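The structure appears right after this line, and notes come after that.
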There are 2 protein chains.
Amino acid sequence: MFDALRNHIEKIIPLTEEEVELIASFFTARSYKKGQFVFQEGEPLTKHYFICKGLLKLVYTDTDAREHIIGFAMEDWWESDFEAFYTQQHTTLSLICLEDTDLLYITLEGYKTLCRTLPKIEHFFLEKAYFGFIAAQKRILSTLTSNTSERYRQLLERYPTLVQRVPKAQLAAYLGVSRETLSRISL
Amino acid sequence: MFDALRNHIEKIIPLTEEEVELIASFFTARSYKKGQFVFQEGEPLTKHYFICKGLLKLVYTDTDAREHIIGFAMEDWWESDFEAFYTQQHTTLSLICLEDTDLLYITLEGYKTLCRTLPKIEHFFLEKAYFGFIAAQKRILSTLTSNTSERYRQLLERYPTLVQRVPKAQLAAYLGVSRETLSRISL
DNA sequence: ATAGGGGAGTGATCCAGATCACTCCATAAC
DNA sequence: GTTATGGAGTGATCTGGATCACTCCCCTAT
């Protein structure tokens with residue numbers, strides 16, 4: 001399970017055996033069943049999650065109890081409510097398993113200590129943050145420029161495996177359209 | 001002009017006089033008039049801009065020549081086409097001045113060298129990247145959960161000075177609605 | 001002073017997508 | 001087997017926003 005994390009980090013920065021040991025010592029493994037909440041709206045959030053196996057959704061639930069999907073997260077991704085994590089506030093989001101999943105997590109204190117002990121890891125996190133930002137900006141651009149059908153096509157293109165793994169209603173909640181509208185779309 | 005950058009960085013990491021000198025040596029100042037392009041779609045982009053004074057829009061122009069505003073940028077902000085910058089591709093975006101503006105820029109090579117020479121600066125950029133990502137995610141969430149009127153209200157709340165500084169049509173292009181619709185909105 | 005141009009409001013019409021109400025499966029549970 | 005239960009399609013109706021066409025106003029250049 002730690003191997004997944006190690007390979008993931010080494011794609012960006014080389015590590016010695018000792019560094020791998022050091023990093024691993026900051027992470028804890030945990031498994032969840034489909035449907036379980038990794039964290040839930042209103043909780044304090046002090047962890048940052050790396051997904052070894054599985055599929056999750058990051059969700060905002062509005063006052064009418066509607067779920068809006070901010071993002072899906074799968075193998076080799078990091079997920080968290082970043083704002084709550086860094087600003088030490090309670091979450092406004094929930095992270096929910098769409099499949100049985102295996103996670104590794106690091107606490108905020110662990111994260112800070114790790115960055116102090118092994119500064120080059122910040123380079124790794126910086127890379128992740130940049131690409132997360134770029135992806136978010138692209139999604140914004142896609143809502144500005146494309147209609148629903150086109151955005152659905154883009155979604156399928158970007159995550160080809162997703163259609164097989166989640167019900168269409170979840171894809172609709174990600175695109176911000178109704179289940180019915182998505183069902184009526186012909187590509 | 002460099003003072004603005006210095007104060008900006010020192011809000012996150014402390015700097016010695018020598019470090020300030022070092023950093024300043026990597027940046028070049030440049031001024032633009034209202035309406036000028038800082039960079040334009042199709043160009044190779046190897047610079048990262050810090051805005052000392054002024055107001056700009058980051059824009060995607062679609063095949064029908066419509067402008068979609070990915071973001072506004074003002075005093076103390078960084079702007080660039082991050083994807084083009086890091087992946088060394090040609091830009092798909094344009095950065096256009098909405099007011100006379102003063103910028104400082106760093107090249108990609110300069111950026112890399114600076115990070116190698118002064119690793120703690122990566123901590124600074126990491127912080128910026130995280131908060132950029134968080135802001136982008138919030139904007140996505142706002143398009144998922146709120147109607148146009150509510151999103152307009154949020155925009156005014158977040159950037160209260162913006163209404164006085166840019167024509168309403170620009171705000172419409174940011175929100176992804178037509179000029180006419182925005183004009184019909186009562187708050 | 002006059003003309004031209006950019007910003008903004010507004011009416012009429014049209015359409016994409018929401019909503020509600022249903023049907024038709026599969027698969028799992030009794 | 002029979003019955004829930006969740007996923008998916010579809011028809012009818014309604015509405016927010018796009019689009020087009022226009023007016024009005026203010027500012028700047030001639």
Side-chain angles (χ1 to χ4, degrees), chain A residues 33-36 55-57 59-69 72 96-100 139-156 159 161-187, chain B residues 33-36 55-57 59-69 72 96-100 139-156 159 161-187:
Chain A
K33 290 268 164 219
K34 178 176 173 173
Q36 281 191 300
L55 180 63
L56 307 97
K57 57 178 175 181
V59 158
Y60 173 77
T61 308
D62 68 19
T63 44
D64 299 332
R66 273 167 212 258
E67 274 191 3
H68 303 275
I69 299 185
F72 295 104
I96 306 172
C97 300
L98 292 168
E99 296 177 356
D100 294 354
R139 184 162 163 207
I140 289 170
L141 188 56
S142 138
T143 67
L144 288 177
T145 55
S146 309
N147 61 22
T148 304
S149 154
E150 176 61 16
R151 280 168 47 230
Y152 185 41
R153 240 194 20 70
Q154 290 169 9
L155 176 63
L156 298 186
Y159 310 113
T161 62
L162 212 54
V163 214
Q164 288 98 274
R165 295 174 78 175
V166 307
K168 295 246 176 77
Q170 304 291 324
L171 301 182
Y174 175 91
L175 292 171
V177 297
S178 71
R179 217 207 77 228
E180 292 93 331
T181 297
L182 190 66
S183 157
R184 277 186 253 261
I185 284 174
S186 54
L187 299 177
Chain B
K33 290 269 164 216
K34 176 174 176 176
Q36 281 191 301
L55 181 63
L56 308 97
K57 58 178 176 182
V59 158
Y60 174 78
T61 308
D62 68 19
T63 43
D64 298 333
R66 273 167 211 260
E67 274 191 4
H68 304 274
I69 298 185
F72 295 104
I96 306 173
C97 299
L98 293 168
E99 297 177 355
D100 294 355
R139 183 161 164 209
I140 289 170
L141 188 56
S142 137
T143 66
L144 288 177
T145 55
S146 309
N147 60 23
T148 303
S149 153
E150 175 60 18
R151 280 168 47 230
Y152 184 41
R153 239 196 21 70
Q154 290 169 11
L155 175 63
L156 298 187
Y159 310 113
T161 63
L162 212 54
V163 214
Q164 289 99 274
R165 295 174 77 174
V166 306
K168 293 247 176 76
Q170 304 291 323
L171 301 181
Y174 175 90
L175 292 171
V177 297
S178 70
R179 216 206 79 229
E180 292 92 332
T181 296
L182 192 67
S183 157
R184 277 185 254 258
I185 283 174
S186 54
L187 296 177

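Just so it is clear: chains get the letters A, B, ... in the order the sequence lines come, proteins before strands, and each one is counted from 1. Predicted, not measured: the structure shown is a model, and the values here were computed from it.
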| task | Search all heavy atoms of D100(A) against all heavy atoms of K34(A) and return the closest pair with its distance. | result | OD1-N, 2.8 Å
| query | Out of dG11(C), dA18(D), dC20(C), which nucleotide sits closest to the side chain of R184(B)? | reply | dG11(C)
| remark: Winner on side-chain proximity to T148(B), out of dG17(D), dG9(C), dG9(D), is dG17(D)
| said: Distance check, rounded to the nearest 0.5 Å: L56(A) atom CG versus Q36(A) atom CD? | reply: 11.0 Å
| said: Which nucleotide wins on minimum distance to the side chain of N147(A), given the candidates dA18(C), dT10(D), dG17(C)? | reply: dG17(C)
| message | What is the separation between atom CG on L182(A) and atom C1' on dA16(C), rounded to the nearest whole Å? | response | 14 Å
| message | Tell me whether the NZ or CZ atom of R139(B) lies within the 45° cone about the ring axis of Y174(B) and under 6.0 Å from its centre. | response | yes
| message | Any side-chain to backbone donor/acceptor pair from S183(B) onto R179(B)? Under 3.5 Å, distance only. | response | no
| message | If I take atom CD in residue E180(B) and atom C1' in nucleotide dT23(D), what distance separates them, rounded to the nearest angstrom? | response | 13 Å
| field | Nearest listed nucleotide, side chain of K168(B), among dT10(D), dT10(C), dG9(C) | value | dG9(C)
| field | Any T181(A) side-chain nitrogen or oxygen under 4.0 Å from OP1 or OP2 of dG17(C) | value | no
| query | Does any N or O donor sit under 3.5 Å from an N or O acceptor when you compare the side chain of R179(B) with the base of dG9(C)? | reply | yes
| request: Rounded to the nearest angstrom, tell me the gap between atom CG in L144(A) and atom P in dG17(D). | output: 15 Å
| When we call it a touch if two heavy atoms are under 4.0 Å apart, what does R66(A) touch: a base, just sugar-phosphate, or nothing? | sugar-phosphate
| query | Between L98(B) (CG) and dG6(C) (P), how many Å, whole number? | reply | 15 Å
| task | Could you tell me the separation between the CG atom of L175(B) and the P atom of dA18(D), rounded to a whole number of Å? | result | 10 Å
| said: I need the minimum non-hydrogen distance between E67(A) and A173(A), along with the two atoms involved. | reply: O-CB, 3.7 Å
| request: Quickly work out the I185(A) CD1 to dA8(D) C1' distance and round it to whole Å. | output: 14 Å
| Value in whole Å for how far the C1' atom of dA8(D) lies from OH of Y152(A) | 11 Å
| task | Return the value, rounded to whole Å, for the distance between atom CD of Q170(B) and atom C1' of dA8(C). | result | 13 Å
